[in-house]
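Lettering of chains follows the sequences in order, A, B, ..., and the numbering in each one begins at 1.
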Amino acid sequence: MAAPRKATVLLKAVKKITVQFCPFESNVRSTREFLSSVGSEKARATNMNCEVVSAVKHDKSEPVVEITYIDGERLLMKGAKLTASEMLSAFQSRCAAKDQQAKAGAKK
Amino acid sequence: MAATLCVKLLPKQGWLPITHSVRHGSKAVTRHRKPLHILRQKLLAVTQYVAPPRAAPPGAYPSLTEHFREETGLTLLMKRDLKKVFEDCRMIAVVQNNSCNADDMITLKHRLHKHGVAVKFFPNQVIRSFLSDSVYCNLAPLFVGPTALVVSKDPKAKEVLTVLRSSPQMTLLGGCIDDTLLSAQGVVGYSKLPSVTVVRGELVSGLAVMTSRTAALLQRHPAHLSALLRRYVEQRSPEGAPTAPEAT
């Protein structure tokens, strides 16, 4: 699969992840891979409060990943033309940035 | 040097020296590049090393032809298994499982087994090559990533849905019930349908309602029927003179 190997996704700063796609379309591969890496046991073990919700539709809509962070920020990724690694890297960079902010805030 | 040697050592006429001096004439080691003997030159030219042409690295160019890989015994076995599964089971659901906890899987399998439902795993490649030959080719795009097949002889969509709802990580992608492709919503809708006997009863009763009513009407006294018809015509045309059709 194209999902990166060292995908230990940190979900510490995430409240909810909603993945919505239509499986009969051909552009959902990256979204599904993103879902499998985010919904795996390892990723969910980093944060047990985070919900991973997957919605399967049949209306030829675009695959969309919506991530709600703890501080209220939302990240919307349209997975039709993105690869799984791109989505994961964007997501992880955001999470890492949030983590650092939270740690800096906690130290102060 | 050679001439002086020859003069000294060749006293008699026609006597050749036993020791043949090697270092006579040109030397082997010279400071310049000694021109090769023509035969040696020819030999070297013929036996020159030609490096083999380096092929492009394996992923550089896409292959022109899809090379047909012979199917191993294992794939053939799995295909046969798949074929049997598709023939036997009336209901096949495709589920994506993101978390493969052994405990969760065992609990899930146990719960489904109580209802006679089995969970089968096949490699995606095998499934895709099988589906491209068979009738169910439209199921092919569903099989991406970690998927599992939930199969059963009797279509027990309700039980399957309840069990799958309890494990949040299994996503129902779609299914095929009685050779009909269904999406996720289709499977949910199918589970909400009442059973076949109930539907048949409803259909029969719906058809029979009108005939039973007319039969009941006709069984009554004919005067009653004519009075009813008169009233009906009066209602339909209130302004004109009501000419009630007489019941003959």
Gap between atom CG of Asn97(B) and atom OG of Ser40(A) - 0.5 Å precision: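 It comes to 11.5 Å.
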Check: Arg32(A) side chain, Val144(B) main-chain N or O, donor-acceptor pair, under 3.5 Å: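 Answer holds: yes.
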Can you tell me if [atom1] on [X] sees more than 12 non-hydrogen neighbours from other groups inside 6.0 Å?
{"X": "Gln185(B)", "atom1": "CD", "result": "yes"}
{"X": "Tyr232(B)", "atom1": "OH", "result": "no"}
{"X": "Lys79(B)", "atom1": "NZ", "result": "yes"}
{"X": "Arg94(A)", "atom1": "CZ", "result": "no"}

Residue pair Leu173(B) / Pro23(A): nearest heavy atoms and the distance that separates them: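 Looking at all heavy atoms of both residues, the shortest contact is O-CG, 3.4 Å.
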Side chain to side chain contact (heavy atoms under 4.5 Å, CB included) assessment of Val56(A) paired with Thr171(B): CA-CA 8 Å; Val56(A) 173; Thr171(B) 330; 3.5 Å; yes
